[in-house]
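The block underneath contains the structure these notes are about, expressed in structure tokens.
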Amino acid sequence: MSKITIDRVRCIETAPAGIRLVIVKVETNQPGLYGLGCATFTQRPKTVVEAVHHYLDPFLRGRNADEIEDIYWSSQMSSYWRNGPVLNNALSGVDMALWDIKGKRAGMPVYELLGGKCRMSAATYVHASGAEPAEVVDKARAFLEQGYRHIRMQVEVPGQATYGTSSDLQVDRAVDGPTSPHNVFEPADYVRLAPRLFECARRELGDEIELLHDVHERVPPPMAIELAKALEPFRLFFYEDPLPPEEIDYFHLLRQHSSIPIAMGELFNNPNEFLPLVKDRLIDFIRLHLSQVGGLSPAKKIASLCEFFGVRTAWHGPGDTSPVGHAANLALDLCCQNFGLQEFTPFNQATLDVFPGCPQVRDGSLWPNDQPGLGIDINEELAAKFPFPDHPYNGAWPAIRRRDGSIVRP
Ligand code: GCO
Ligand code: MG
């Protein structure tokens, strides 16, 4: 096989669903041969674009595109300080794109290069949320009718900026501050309300379906334990991000107090962060965001490590994972023995049009299209028709505060 070298590394910005996505395109010396990778860090997308254009592009031009592992390590070392979200996302764009290129060269889907299928499709979970338990249950019913069998349920604390619900965060720098709190959230109110949602859900939906919940690190550790115990009777598939990355030692206590299955990891950037949780079997599902840890290569290693400790994968798949990222998630879902569940956000029509080859959903599962590489493309002309929406903070999140003005974790 002839040597393929990297000609150029560049970013494509697009927002076909109103969410800022960054895609990296790696072009090679072989006309028409390129790869795509996800580099989406939706709260700071422009910083990733700068990192790719100013640092990875000049560093990688001329490199042998086959040397994926060495490109990962040499790029990490070239910044000396490493493993932050911006540089990891930039690197992920390149890493996934190089796997895409290798697959296209081999005429094989990426999951074949990584060991081959362990299953034919990946079961997914989707999000149901609402202002009241009854509304969440209705939304869950609609998903069940479409064939989904795993539903994440989130209910709004009346009048509060509750994670995962439609209660919009106010962006108003003129008024917000510790002495005039906006986007108020009180952890105790939420911890009292959430079990009522699941009581209603089990009563209305029965015991045959799987329910999930994301705490989103919103509560102090003792409340995370209290809520875990209160939710136990409702048999959750998993209880997500009960504690923030800053409190990971507390997982020992949570584990001793509750048998609830725990999912954690979407906020980790440095692969070393999850090591204590995996090796001490303090979590049941690893929820990495592939682009935040640096791409497909590090995620595959993490999945293999987890396999030895009985931890299953549940890769992060919200709306701010691009379709290219979803295709990379799916490649791992298919070839990792310890796959658990895949988070999924249904694509709107504009997204399907911008990204030909999006993984397809049937019976609540994601199915690959079996094309070489990641099996996904981008229509750049159409992508340009969906620029990043205007936003006072360019997509960054506004503060969430308690009634007294203290900052709450997002
Ligand atoms: C999830 C996540 C997301 C994140 C989002 C941040 O489990 O789906 O918590 O909703 O909040 O991806 O940009
Ligand atoms: Mg989450």
Side-chain angles (χ1 to χ4, degrees), residues 15 17-22 38-48 85-86 88-89 92 124-129 139 143 148 150-156 161-169 171 183 185 190 194 210-219 224 227 236-245 248 260-269 273-274 277 283-293 313-326 328-329 340-347 351 366 388-389 391 393-400 408-410:
I19 300 175
R20 295 161 180 75
L21 306 176
V22 177
C38 180
T40 300
F41 174 11
T42 204
Q43 291 80 356
R44 296 284 190 276
K46 293 284 187 185
T47 59
V48 178
V86 175
N88 274 2
N89 269 284
S92 161
T124 65
Y125 76 88
V126 282
H127 303 171
S129 67
K139 289 201 181 141
F143 278 128
Y148 291 99
H150 302 76
I151 318 276
R152 191 190 83 171
M153 316 275 284
Q154 310 286 144
V155 70
E156 188 179 321
T162 319
Y163 166 74
T165 67
S166 52
S167 50
D168 280 338
L169 293 180
V171 180
N183 303 318
F185 177 79
Y190 155 73
E210 301 293 349
L211 303 177
L212 301 85
H213 185 66
D214 190 351
V215 178
H216 218 254
E217 56 169 351
R218 280 280 185 102
V219 304
L227 182 57
L236 263 57
F237 187 87
F238 65 57
Y239 179 61
E240 178 182 341
D241 286 4
L243 299 165
I248 56 172
I260 202 162
I262 299 168
M264 175 75 188
E266 71 178 56
L267 281 147
F268 294 161
N269 293 108
E273 283 176 280
F274 59 81
L277 298 184
I283 57 172
D284 302 281
F285 295 89
I286 187 84
R287 270 184 60 65
L288 294 186
H289 187 106
L290 258 60
S291 69
Q292 292 287 354
V293 298
T313 66
W315 308 125
H316 196 221
D320 52 297
T321 294
S322 74
V324 178
H326 279 288
N329 281 342
L341 189 62
Q342 178 59 58
E343 180 182 25
F344 182 61
T345 312
F347 302 124
T351 304
L366 274 179
F388 287 177
H391 186 269
Y393 303 163
N394 298 317
W397 284 358
I400 299 157
V408 177
R409 290 193 173 98

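FYI, side chains are in, hydrogens and waters are out, and symmetry mates aren't considered; it's all heavy atoms of this structure. Remember, it's 1-based here, ligands and their atoms both numbered in the order they're listed.
Applying the side chain to side chain donor-acceptor pair (under 3.5 Å) criterion to Arg287, with sequence neighbours excluded, gives Tyr125, Glu240, Glu266, Glu343. Residues passing the side-chain contact (heavy atoms from CB on, under 4.5 Å) test with Pro323 are Leu21, Phe347, Thr351, Phe355, Cys358, Ile376, sequence neighbours excluded.
Within the protein, the N, O or S atoms sitting under 2.8 Å from the Mg ion (ligand 2) are Asp214 OD2, Glu240 OE2, Glu266 OE1.
Side-chain polar atoms of Asp320 and Thr40 form no donor-acceptor pair below 3.5 angstrom.
Counting heavy atoms from C-beta on, the side chains of Asp214 and Arg152 come closer than 4.5 Å. Residues Thr162 and Gln154 are not in side-chain contact: their nearest non-hydrogen atoms beyond the backbone lie 4.5 Å or more apart.
The side-chain tip of Arg218 points at the ring of Phe185 from less than 6.0 angstrom away and within 45° of straight on.
Contact residues for ligand 1 (protein heavy atom closer than 4.0 angstrom to any ligand atom): Thr42, Gln43, His127, Arg152, Tyr163, Asp214, His216, Glu240, Glu266, Arg287, His316, Pro318, Asp320, Glu343, Trp397.
Partner Phe344 forms a side chain to side chain contact (heavy atoms under 4.5 Å, CB included) with one of Thr321, Asn329, Leu366 and no other, that one being Leu366.
Using bins of under 30°, 30° to 60° and over 60° for the plane-to-plane angle, the ring pair Phe285/Phe238 lands in the tilted bin.
Without hydrogens or angle criteria, Gln292 side chain to Asn88 main chain gives no donor-acceptor distance under 3.5 Å.
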